[in-house]
Amino acid sequence: MSLGDQLRLNRQRIGLSQGEVATKLNITRQSISKWETGKGYPDLDNLVLLSEIYNVSIDELLKEDERVLLQSFKSTIK
């Protein structure tokens with residue numbers, strides 16, 4: 001399962017809309033949509049916040065999409 005699928009399923013599991021998650025992260029709803037459709041990836045800071053909101057580990061979100069983890073670390077280093 002991709003990161004986008006994991007994000008969407010976890011958001012739906014706790015009953016939040018994309019807009020509600022975006023508000024909690026202080027970002028746009030479109031960013032959440034991009035992440036959930038695989039057209040973009042959250043940075044490491046937002047991954048941590050998402051794992052807290054969804055009450056799952058970062059590992060659970062990323063375990064089947066290791067390339068996302070690498071991209072997140074690269075964007076944090078820049």
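Between Q18 and R29 the shortest heavy-atom distance is OE1-NH1, 3.0 Å. Closest approach of E20 and S17 over heavy atoms only: OE1-N, 2.7 Å. In terms of heavy-atom proximity, K24 sits nearest to L16 at CE-CD1, 3.9 Å. Of all heavy-atom pairs between E36 and R11, the closest is OE2-NE, 2.6 Å.
The shortest side-chain heavy-atom distance between W35 and L3 does not fall under the 4.5 Å cut-off. Within the 4.5 Å cutoff, side-chain heavy atoms of R13 are placed close to those of V56. Side-chain contact between L7 and I32 is absent, with no heavy atoms from C-beta onward closer than 4.5 Å.
To the nearest 0.5 Å, atoms CG (N55) and CD1 (I14) are separated by 8.5 Å.
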Donor-acceptor contacts, no H, no angles, side chain residues 46-54, under 3.5 Å, sequence neighbours left out:
| residue | atom | partner | partner atom | Å |
| --- | --- | --- | --- | --- |
| N46 | ND2 | D43 | OD1 | 3.3 |
| S51 | OG | V48 | O | 2.7 |

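No donor-acceptor pair closer than 3.5 Å links the side chain of S31 to the backbone N or O of I27.
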